[in-house]
Each structure stands twice: as C-alpha cells, then as structure tokens.
Amino acid sequence: MTTPPPDAGPPAAGRAAAGSLWRAVPGLVRWPNLVIMLLSLVLVRSLLLRGQPLAEVLLAPRFGLLVLAALLVAAGGYIINDYYDVKIDAINRPDRLVVGRLLGRRQAMLAHVLLSGVGVLLAVLSGAGKRQALAIGLVTLGAALLLWGYSARFKRVALVGNISIGLLTAALVLLPELQLLTARKAVWLYALAAFLLTVVREIIKDIEDMRGDAQHDCRTLPLVWGVARSKWVAGLFLAGLGALVLLAAAALPALGRWPLAAWLLALVVLPLAWLARLLWVADRRRHFRQLSAWCKGIMLAGVLSMLLA
C-alpha cells in the first residue's frame, strides 16, 4: 500500500486555486488599462500642465497619492463590473471569467469596497490645500459611485452607460488640474477629446456584446435603437471628435507648434477618418472588435501627443 505524496489532496488543490487566482488578478483589474491611466496622469501633470519636470513629478508624494488613488478606484470599478456581469461574461467572454469561478462574489464585493474606500481616502490626502482636497475627494468619490452605478444599472440603459464611462475618462484627465489649479485650457480640450472617443468605443463595445446583453434583458443602445442607428450615434460623437482635433491642429502652426499639428493630423485625424469608414461598413462581431482596438490605438496616440504639447 502506497501513501499519497504530501502535496496531494485538498491543500494542494487550494494552493493551485490560489495560484490561478493570483495569475488572473492582472486581467481582473485590466492592467493594460491601468498602465494607460498611469501614463496619462504622468503626462498630463509633467507636460500638459508644465507643473514640474518628469523626475520631480515621479517623486512628488502628493502626486503619487493621487495616482494610487485613481488606480485603486479604477481597479475596484473593474471588479464590481465583473461582479454584476458574471452571467453576461460567461457568454461574451467565457475564457476571461474570474469572478464566480476563481474569486467568490462576496470576496469580489469586499475587494471593490476596500479598494474604492482606500482610493477616496488617498485622493483627499493628495490635496495640498482644503480646496484641492475637497475637489479631488468629491470627484474621486463621485467616480467610485458612478462606477458602481454603471455596473449595477447604467450600463444596461441606452447611452447612459456610454456617457458615464466617457465622463469617468474625462475626470481622470482633469485630476492633475484639480490638484494644481493651473487654469490651463489645453487640459480641458484633452478631457473633452477623451470623453468623445470613449463614448464612441463604448457604443462599439455594446454592439459587439449584443448577444450576451440581449439574453440578460439589457437595454443598451444597439438593442433599443438597432445597430444601424447606433452606428449613426457613434458617428456623431466621432465627427465631433474629428472637428475638435482638426480645429486644434489648424490653430497650432500659428503658435509655432508644427510637430504637434503634424502628429495630430497623421496619428489622430487620419486614423479617425479610417475608423469612420470601418464603422460605416462594419456588420460582423469581429468587425466591431477590430473597431474597438482602433479606438484604443487612437487613444494611445492622443495620450502620447502630450509629449509634444
């Protein structure tokens, strides 16, 4: 009679499950999105607002608290989104399902509350004065509540969920301005551009996820208005974004900002035009998946344009 190896049985299974969960955590909190958020905050603070050199920005304690606060609230938002979307994700993205499979729903809710709570507290502490602390704290608390509302209800209401995520993206761009209060107009233009492009991408994602959303009584834009009308709505936001970037690019040469104007025309305006064409002819789920990737690429190009701002 042989004895089982020491690692066999429930303890080994528990360690394996824990290992699988830890490997799944980066995907659960959408680490690529968190990296883009980090990059955006650093570039807005160091380049767009011209508050401090990059090295000083990275070492500034209050800015570090602001970044950590934003990332924690965003991570908590992604977790609560998966909490409410367990059944839908089992249809739309079964290979990426974490909550309900590797992480219990109760633990997911607890993680959301802890991350969001700590994030709001750090946001308040990041303000140099009472005015900044109050503004940043309120915006961060509002973002945490909006993320919860989006996951629980808003994302299932036509256009409301799309605009909610757009507002959250714009708020991220504005956080460093709320900390410094520089009154620079450029940061507001970038925030508006981020809002418009995010709404476009969210509508595209809703079209891509129609099958799972329809099975769970969601009232997203394509399910209420149809794919054709939803594409027109996305096109309107896309046209607004194109006009905004074109106007900015046209005004820059007079200010001697030729490199930034060329960047915006080549890496933002032209891809936006191509995106509009692809949106017009898209009629398959894979097409809308490609459009979503295009939106991410354009957003990254917009963020990197701050290097020339």
Side-chain angles (χ1 to χ4, degrees), residues 30 32-33 36-37 40 81 85 88-89 91-93 96 150 154-170 172-173 189-216 218-250 261-305:
R30 318 297 199 274
N33 294 354
I36 292 177
M37 290 175 60
S40 301
N81 183 69
D85 276 1
I88 296 176
D89 288 343
I91 298 172
N92 291 332
R93 300 175 181 86
R96 288 185 278 175
Y150 168 81
F154 299 155
K155 70 183 299 180
R156 294 166 176 82
V157 181
L159 203 57
V160 175
N162 312 125
I163 291 177
S164 297
I165 296 300
L167 291 173
L168 288 167
T169 306
L172 175 73
V173 177
L189 293 176
Y190 271 93
L192 178 57
F195 167 79
L196 293 171
L197 183 56
T198 300
V199 173
V200 171
R201 181 170 180 264
E202 290 300 311
I203 293 174
I204 290 171
K205 285 172 58 182
D206 280 349
I207 298 175
E208 179 187 348
D209 293 340
M210 283 181 63
R211 183 167 63 93
D213 292 343
Q215 293 186 23
H216 291 87
C218 295
R219 303 288 293 171
T220 58
L221 194 64
L223 291 174
V224 174
W225 288 5
V227 173
R229 289 183 180 179
S230 298
K231 287 166 64 174
W232 274 105
V233 174
L236 289 175
F237 281 95
L238 195 59
L241 176 59
L244 175 67
V245 180
L246 270 176
L247 289 173
W263 179 286
L264 292 177
L265 289 173
L267 298 179
V268 179
V269 174
L270 288 180
L272 282 175
W274 187 250
L275 176 65
R277 179 189 177 279
L278 293 178
L279 179 63
W280 178 261
V281 301
D283 60 358
R284 296 287 187 273
R285 190 173 185 226
R286 70 175 185 276
H287 296 160
F288 293 102
R289 189 179 300 116
Q290 293 168 356
L291 289 172
S292 181
W294 265 94
C295 288
K296 282 187 175 181
I298 294 171
M299 188 171 292
L300 181 60
V303 170
L304 294 178
S305 72

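Predicted, not measured: the structure shown is a model, and the values here were computed from it.
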- [ ] Check the pair L172 / L168 against side chain to side chain contact (heavy atoms under 4.5 Å, CB included), numbers first and verdict last.
- [x] CA-CA 6 Å; L172 175 73; L168 288 167; over 6 Å; no
For residues [X] and [Y], determine if any side-chain heavy atom of one lies less than 4.5 Å from a side-chain heavy atom of the other.
{"X": "I36", "Y": "K296", "answer": "no"}
{"X": "L159", "Y": "I203", "answer": "yes"}
{"X": "L291", "Y": "R201", "answer": "no"}
{"X": "I298", "Y": "L197", "answer": "yes"}
{"X": "F195", "Y": "L167", "answer": "yes"}
{"X": "L265", "Y": "L246", "answer": "yes"}
{"X": "C295", "Y": "I204", "answer": "yes"}
{"X": "V303", "Y": "M37", "answer": "no"}

Between [atom1] of [X] and [atom2] of [Y], what distance do you get to the nearest 0.5 Å?
{"X": "L241", "Y": "T198", "atom1": "CG", "atom2": "OG1", "result": "9.5 Å"}
{"X": "L275", "Y": "L270", "atom1": "CG", "atom2": "CG", "result": "12.5 Å"}
{"X": "F237", "Y": "W232", "atom1": "CZ", "atom2": "CH2", "result": "15.0 Å"}
{"X": "F154", "Y": "I163", "atom1": "CZ", "atom2": "CD1", "result": "12.0 Å"}
{"X": "L279", "Y": "H287", "atom1": "CG", "atom2": "NE2", "result": "12.0 Å"}

Please give me the minimum heavy-atom distance between [X] and [Y], naming the atom from each residue.
{"X": "W263", "Y": "A301", "result": "NE1-O, 3.0 Å"}
{"X": "G240", "Y": "L196", "result": "C-CD1, 3.9 Å"}
{"X": "Y150", "Y": "G161", "result": "CE1-O, 3.4 Å"}
{"X": "L223", "Y": "C218", "result": "CD1-O, 3.3 Å"}
{"X": "G166", "Y": "V199", "result": "CA-CG2, 4.2 Å"}
{"X": "A249", "Y": "A261", "result": "O-CB, 3.6 Å"}

Task: N/O donor-acceptor pair under 3.5 Å between R219 side chain and A158 backbone - done: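 A pair under 3.5 Å: no.
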- [ ] Using modelled atom types only, decide if a donor and an acceptor are shared between the side chain of K231 and the backbone of A282 within a distance under 3.5 Å.
- [x]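 Such a contact is found between K231 side chain and A282 backbone.
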Open item on the list: For K155, run the side chain to side chain donor-acceptor pair (under 3.5 Å) check against T220, N81, D206 and tell me which one passes.
Closed with: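 When side chain to side chain donor-acceptor pair (under 3.5 Å) is applied between K155 and each of T220, N81, D206, only N81 qualifies.
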TODO: Tell me yes or no: between the side chains of Y190 and S40, is some donor less than 3.5 Å from an acceptor?
DONE: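 Short answer, no.
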Open item on the list: Go through it in stages, so that I can follow the logic: the residues are S305 and L264, the test is side chain to side chain contact (heavy atoms under 4.5 Å, CB included), and I'd like the CA-CA distance, side-chain angles, deciding distance and then a yes or no.
Closed with: CA-CA 7 Å; S305 72; L264 292 177; 4.1 Å; yes
Open item on the list: Can you classify the ring geometry of W274 versus W294 as parallel (below 30°), tilted (30 to 60°) or perpendicular (above 60°)?
Closed with: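 Tilted, since the angle between the ring planes falls between 30° and 60°.
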Task: K205 and E202 ion-paired at < 4.0 Å - done: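 E202 and K205: salt-bridged.
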